[in-house]
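Structure record follows, encoded as C-alpha cells.
On a predicted model such as this, the values are computed, not experimentally measured, just so you know.
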Amino acid sequence: MSNLAKAGTFTFGSRTVNRLGYGAMQLAGKGVFGPPKDRAEAVAVLREAVESGVNHIDTSDFYGPHVTNQIIKEALHPYRDDLVIVTKIGARRGPDASWNPAFSKEELTQAVHDNLRNLGLDAIEVVNLRAMFDVHGPAEGSLEEPLTVLADLQRQGLIKHIGLSNVTAKQVADGRKITEIVCVQNQYNLAHRGDDTLVDALAAAGTAYVPFFPLGGFSPLQSTTLSDVAARLGATPLQVALAWLLQRAPNILLIPGTSSRAHLRENLAVADIALPPEALTALEAI
C-alpha cells in the first residue's frame, strides 16, 4: 500500500489522484532541451514513481521538444488504469532553445496530435493551455481563440478536460465562460506567493491548483527560517517547502520534478511530514 495516500487525494476532471505527483520537465536535457544525460535513469525514475503510488504525471511535448513524452511512453506504456497524464500546449521551442508562443489553430491542433502520438494515447486526460503573453509570468490577454480551438478538440474526443497555465485570475474567469477549467498551473511556492488569493478562490470552487517550480525552479529555495524548521523536523529544507504546499490548501496538487531516483524518494517522503503549528507560523513569515 502506497504511503502517498497520507498526503490526500483530489478529484479533477473525472479522475481522482494522489496529491503528490511527478513533473517530467527535468527528464529532458539541460535547459529542458535535447535528450537527457542518462536516459536509462530517466526511465527508472518514472517506473519507480509509478510503483511508489504516483498516479499524476505532468508533462509537455515542448519539453525536449518531444523528449519527455517519448521517455514516458518507453517507461510506462501500456499505462496503468489509474495513471493520469496531464500535458501543456501553447508554446514551441526554437532551434536556439527559446520558448515561443504557438497559439494558432494549426499549432494547437498539431501540438495535441504530437502529444497523442509521442505518449501513445487515443485521448489526453487534461490539456493545459499555457498563456505566452509574457514567457516569465502571467500577463493579461485574451485566451478566447485558443480555448475555442481546445474546446473543439475536446468535442472531437481528443481531449477529455482543459486547464490553464501561466494565467491571471481574470483569464481563469473569462476561460470558464468558454469551457470548464479543471485546473490552473502557475508558479507558486513558499517564497513566490502572488497567487494566494487565486489559490483560495479555486479551492472554494473545487478546482485544482498545480504549482510549478514548487521548490523554486532553477534557483532552489533558500532561507534560514526554512533551514531551521527543517533541522528541527529532521527533514531537508526542500521537503519542508513541499510539505508547506500540501498543508497550504486542499486543492494543491504537487508535481516536483527530478531526474534522480534518490531525489524522487526524498520528494515522495514528504507524504509522511506533518508541519506543527509553530513551524507553519515561522514559514508563513517568509
Side-chain angles (χ1 to χ4, degrees), residues 12-15 23-25 28 31-34 57-70 72-73 84-187 198 202 207-210 212 255:
F12 70 130
S14 54
R15 304 290 293 276
M25 187 173 79
V32 202
F33 197 72
I57 293 177
D58 180 85
T59 186
S60 173
D61 215 44
F62 54 69
Y63 295 162
H66 313 304
V67 170
T68 60
N69 281 355
Q70 291 168 355
I72 289 170
K73 182 180 178 183
V84 174
I85 297 178
V86 178
T87 194
K88 270 181 298 302
I89 63 174
R92 58 180 172 78
R93 306 301 296 278
D96 59 350
S98 57
W99 302 79
N100 305 299
F103 256 35
S104 72
K105 179 178 180 179
E106 293 74 23
E107 288 170 316
L108 294 170
T109 302
Q110 184 64 52
V112 168
H113 283 282
D114 286 346
N115 275 278
L116 289 168
R117 181 183 68 256
N118 286 318
L119 287 167
L121 291 169
D122 296 321
I124 304 169
E125 190 69 33
V126 182
V127 171
N128 288 322
L129 175 67
R130 191 188 200 282
M132 292 289 288
F133 300 108
D134 183 343
V135 77
H136 301 295
E140 295 296 354
S142 175
L143 296 175
E144 182 176 0
E145 286 190 22
L147 273 179
T148 300
V149 173
L150 288 196
D152 185 51
L153 293 168
Q154 186 180 40
R155 282 189 290 272
Q156 294 174 38
L158 301 179
I159 298 171
K160 295 182 182 178
H161 303 284
I162 296 170
L164 293 172
S165 178
N166 198 43
V167 289
T168 66
K170 182 180 186 302
Q171 286 166 334
V172 175
D174 290 346
R176 283 183 160 145
K177 298 171 186 174
I178 299 167
T179 186
E180 181 188 10
I181 302 299
V182 301
C183 58
V184 173
Q185 186 181 103
N186 277 3
Q187 182 177 359
L198 180 58
L202 293 173
T207 303
Y209 184 93
V210 187
F212 64 76
I255 50 166

Identified side-chain hydrogen bond (donor to acceptor under 3.5 Å, both in side chains) counterpart of Thr87 within the set Asn128, Asp114, Asn115, Asp58: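 Going through the options one by one, the only one that passes is Asn115.
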Qualifying residue for side-chain hydrogen bond (donor to acceptor under 3.5 Å, both in side chains) with Asp174, from Arg176, Gln171, Lys170: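 Exactly one candidate clears the test, Lys170.
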Please confirm whether the backbone N or O of [Y] pairs with a side-chain atom of [X], one donor and one acceptor, at under 3.5 Å?
{"X": "Thr68", "Y": "Ala28", "result": "no"}
{"X": "Asn186", "Y": "Asn166", "result": "yes"}
{"X": "Glu107", "Y": "Phe103", "result": "yes"}
{"X": "His161", "Y": "Ser14", "result": "yes"}
{"X": "Gln154", "Y": "Lys160", "result": "yes"}

Going from [atom1] on [X] to [atom2] on [Y], what distance comes out if it is rounded to the nearest 0.5 angstrom?
{"X": "Phe12", "Y": "Glu125", "atom1": "CZ", "atom2": "CD", "answer": "7.5 Å"}
{"X": "His113", "Y": "Gln110", "atom1": "NE2", "atom2": "CD", "answer": "7.5 Å"}
{"X": "Phe133", "Y": "Ser142", "atom1": "CZ", "atom2": "OG", "answer": "6.5 Å"}
{"X": "Asn118", "Y": "His66", "atom1": "CG", "atom2": "NE2", "answer": "6.0 Å"}
{"X": "Leu121", "Y": "Leu158", "atom1": "CG", "atom2": "CG", "answer": "11.5 Å"}
{"X": "Gln185", "Y": "Ile255", "atom1": "CD", "atom2": "CD1", "answer": "4.5 Å"}

Test log, rule side-chain contact (heavy atoms from CB on, under 4.5 Å), inputs Val127 and Leu153: CA-CA 10 Å; Val127 171; Leu153 293 168; over 6 Å; no
For a side-chain contact (heavy atoms from CB on, under 4.5 Å) check, start with the C-alpha distance between Asp61 and Ile89, then their side-chain angles and the critical distance, and finish with the verdict. CA-CA 8 Å; Asp61 215 44; Ile89 63 174; over 6 Å; no
Within a 6.0 Å radius of atom CD on Glu145, are there more than 12 heavy atoms belonging to other residues, nucleotides or ligands?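 No, CD of Glu145 has 12 or fewer neighbouring heavy atoms, counting only those of other groups under 6.0 Å.
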Answer yes or no: does atom CD of Glu144 have more than 12 heavy-atom neighbours from other residues, nucleotides or ligands under 6.0 Å?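 Counting other residues, nucleotides and ligands, CD of Glu144 stays at 12 neighbours or fewer.
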Student check: side-chain heavy atoms of [X] and [Y] closer than 4.5 Å:
{"X": "Leu164", "Y": "Leu147", "answer": "yes"}
{"X": "Ile178", "Y": "Thr148", "answer": "yes"}
{"X": "Asn69", "Y": "Ile72", "answer": "yes"}

Ignoring hydrogens, what is the shortest heavy-atom contact between [X] and [Y]? Give both atom names and the distance.
{"X": "Ser60", "Y": "Lys88", "answer": "OG-O, 2.9 Å"}
{"X": "Val67", "Y": "Gly34", "answer": "CG2-O, 3.6 Å"}
{"X": "Val210", "Y": "Cys183", "answer": "CG2-CB, 4.4 Å"}
{"X": "Ala91", "Y": "Phe62", "answer": "O-CD2, 3.3 Å"}
{"X": "Leu143", "Y": "Ala131", "answer": "CD2-CB, 4.1 Å"}
{"X": "Val172", "Y": "Val184", "answer": "CG2-CG2, 3.8 Å"}

Working for side-chain contact (heavy atoms from CB on, under 4.5 Å), residues Arg93 and Val32: CA-CA 10 Å; Arg93 306 301 296 278; Val32 202; 3.9 Å; yes
Where do Ile85 and Leu119 land on the side-chain contact (heavy atoms from CB on, under 4.5 Å) test, with the steps shown first? CA-CA 9 Å; Ile85 297 178; Leu119 287 167; 4.0 Å; yes
